[in-house]
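Below is one structure, written out as structure tokens, with a few remarks after it.
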Amino acid sequence: MNPHLGPASVPDSSLGAVQQLCDIAAPYDHSDQELFLEAMNESNRWHAQRNEFFRSLWNGKPLKDITEQPYVHANFFKMHEVLSVPREEVVVHATSSGTTGQKSQMFWDAWTLRAGQRMVARIYDHNGFIDDTEPVHYLINLNQPTPNVKLGSSFTGQFMTDFAPVRSVDYGLAHTGTGHEFDAFGSIRALRKFADSGLPVRIFGFPAFLSFTLDRMRAMGVEPIRLNERSLVWFGGGWKGNADKQISKEELRAKVTDMLGIPDARIRDSYGSVEHSVPYVECSHHNLHVPTWSRAIVRDVRTLEPLPYGESGYIQFVSPYITSSPAQSVLMGDLAALHAPEECGCGNETPWFEILGRAGVSRNRSCAIAAAELLKGRK
């Protein structure tokens with residue numbers, strides 16, 4: 001059994017429902033709503049007792065419905081360091097991977113880290129992506145780790161090599177000694193080397209850099225490569241500072257299949273953030289289902305009232321598992337729509353969401369105006 005599927009224990013007996021919820025192995029099961037609410041009530045009490053900020057935010061009343069859960073905007077973590085555990089209990093200090101502006105700061109204690117890793121492992125296992133026997137080559141399109149790099153994405157990239165034995169690891173964003181640079185030629189050399197070996201390949205990280213690598217291959221007249229059909233592509237982190245070059249998910253998957261021979265079903269996108277590090281991973285139909293251990297709410301961009309399926313607004317993620325910081329409920333700057341499970345048809349029995357865009361803010365242009373522009377025509 002993969003070690004990340006093993007047991008994990010909450011830091012205090014007052015979190016019994018949190019333990020029970022996080023011990024559910026099936027990654028897409030929302031059948032026990034009462035357990036989820038009790039776990040959130042435990043989480044709220046935990047943070048209120050240990051964090052003055054959250055104590056001022058919460059009215060102290062038990063939740064009767066998940067939409068009553070108070071939330072913190074993701075931008076709050078760009079300006080403030082808030083902890084619900086002593087600093088000496090922090091095992092990972094991560095920052096967001098944004099290319100401009102202030103980065104979010106997040107702190108994980110041992111339980112939070114272990115529980116989050118187990119979520120990823122269960123989703124991997126559900127999809128049949130854990131292989132303890134055959135070694136694989138890795139191409140990680142994230143910053144090559146260095147002792148002083150604290151990016152959450154870099155930490156995740158290293159962790160993702162734990163689900164199949166490592167034959168070799170190459171980084172698309174190589175460390176130069178003074179920073180990180182995208183190395184298209186190094187990535188192409190690595191892919192050709194992988195193809196010659198015949199072993200499976202796993203490609204993780206920012207989609208922009210794999211897209212740019214494939215574009216460079218075409219521009220150089222490099223023939224399409226046929227990687228082992230058991231290879232896997234797992235995108236995460238978005239296009240960041242390359243939004244002007246972004247192509248659709250469908251176009252990117254087709255490009256990967258055409259140039260590398262990896263089947264469409266083994267090309268998956270994911271959504272996550274350092275502020276809310278629950279994994280949201282595409283199913284075989286390429287939809288982002290909400291896993292067992294979290295819930296998602298879409299709120300109106302003007303009134304912040306909860307919206308029904310199919311309506312577009314800000315997305316709020318709720319999960320009781322984090323004990324290190326009061327990030328158990330985060331309102332994101334992303335605009336999304338939530339959909340019923342049956343609208344997908346993959347067999348996962350939880351709602352799924354689509355990300356529609358990001359509400360940006362600039363001079364004389366409020367977040368609500370930007371959101372309204374992005375949502376024009378959606379309702």
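Nothing fancy with the numbering, it's 1 onward along the sequence.
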Practice item. Output, in order, the C-alpha distance, side-chain angles, deciding distance and verdict of side chain to side chain donor-acceptor pair (under 3.5 Å) for His30 and Thr350. Key: CA-CA 6 Å; His30 281 188; Thr350 63; 4.9 Å; no
Identify whether the distance between the nearest side-chain nitrogen and carboxylate oxygen of [X] and [Y] falls below 4.0 Å.
{"X": "Arg230", "Y": "Glu134", "result": "yes"}
{"X": "Asp215", "Y": "Lys255", "result": "yes"}
{"X": "Lys245", "Y": "Glu251", "result": "no"}
{"X": "Glu282", "Y": "Lys249", "result": "yes"}
{"X": "Asp109", "Y": "Arg114", "result": "no"}
{"X": "Glu223", "Y": "Arg192", "result": "no"}
{"X": "Asp258", "Y": "Arg253", "result": "no"}

Heavy-atom check, side chain of [X] versus side chain of [Y], under 4.5 Å:
{"X": "Leu173", "Y": "Phe209", "answer": "yes"}
{"X": "Cys283", "Y": "Tyr28", "answer": "no"}
{"X": "Met119", "Y": "Pro27", "answer": "no"}
{"X": "Asp125", "Y": "Leu5", "answer": "yes"}
{"X": "Tyr124", "Y": "Met160", "answer": "yes"}
{"X": "Val278", "Y": "Ile322", "answer": "no"}
{"X": "His4", "Y": "Arg118", "answer": "no"}

Check your understanding: Do side-chain atoms of Thr257 reach the backbone of Ala254 as a donor and acceptor pair under 3.5 angstrom?
Key -> no
**Study point:** Side-chain (Asn51) to main-chain (Leu83) donor-acceptor, under 3.5 angstrom
**Key:**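 Yes, because the side chain of Asn51 sits within donor-acceptor range (under 3.5 Å) of the backbone of Leu83.
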Point to revise | Aromatic centroids of Tyr71 and Phe317 separated by under 6.0 Å | key: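 Between Tyr71 and Phe317, which both carry aromatic rings, the centre distance is not below 6.0 Å.
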Point to revise | Aromatic ring proximity, centroids under 6.0 angstrom, Phe204 and Tyr171 | key: no
Review point. For Arg189 and Asp170, what are the C-alpha separation, side-chain angles and deciding distance, and is it a salt bridge (charged side-chain N to carboxylate O under 4.0 Å, His left out)?
Key: CA-CA 10 Å; Arg189 285 193 299 271; Asp170 287 79; over 6 Å; no
Check your understanding: Quick one: do the Tyr321 and Ser277 side chains pair a donor with an acceptor below 3.5 Å?
Key -> yes
Check your understanding: Just by distance, with hydrogens left out, do Glu343 and Asn287 show a side-chain donor and acceptor under 3.5 Å apart?
Key -> no
**Study point:** Nearest atoms (heavy-atom pairs only) where Met259 meets Val222
**Key:**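 The pair with the smallest heavy-atom distance is CE-O, 4.1 Å.
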Point to revise | Nearest heavy-atom neighbours spanning Gln316 and Ser329 | key: NE2-OG, 2.9 Å
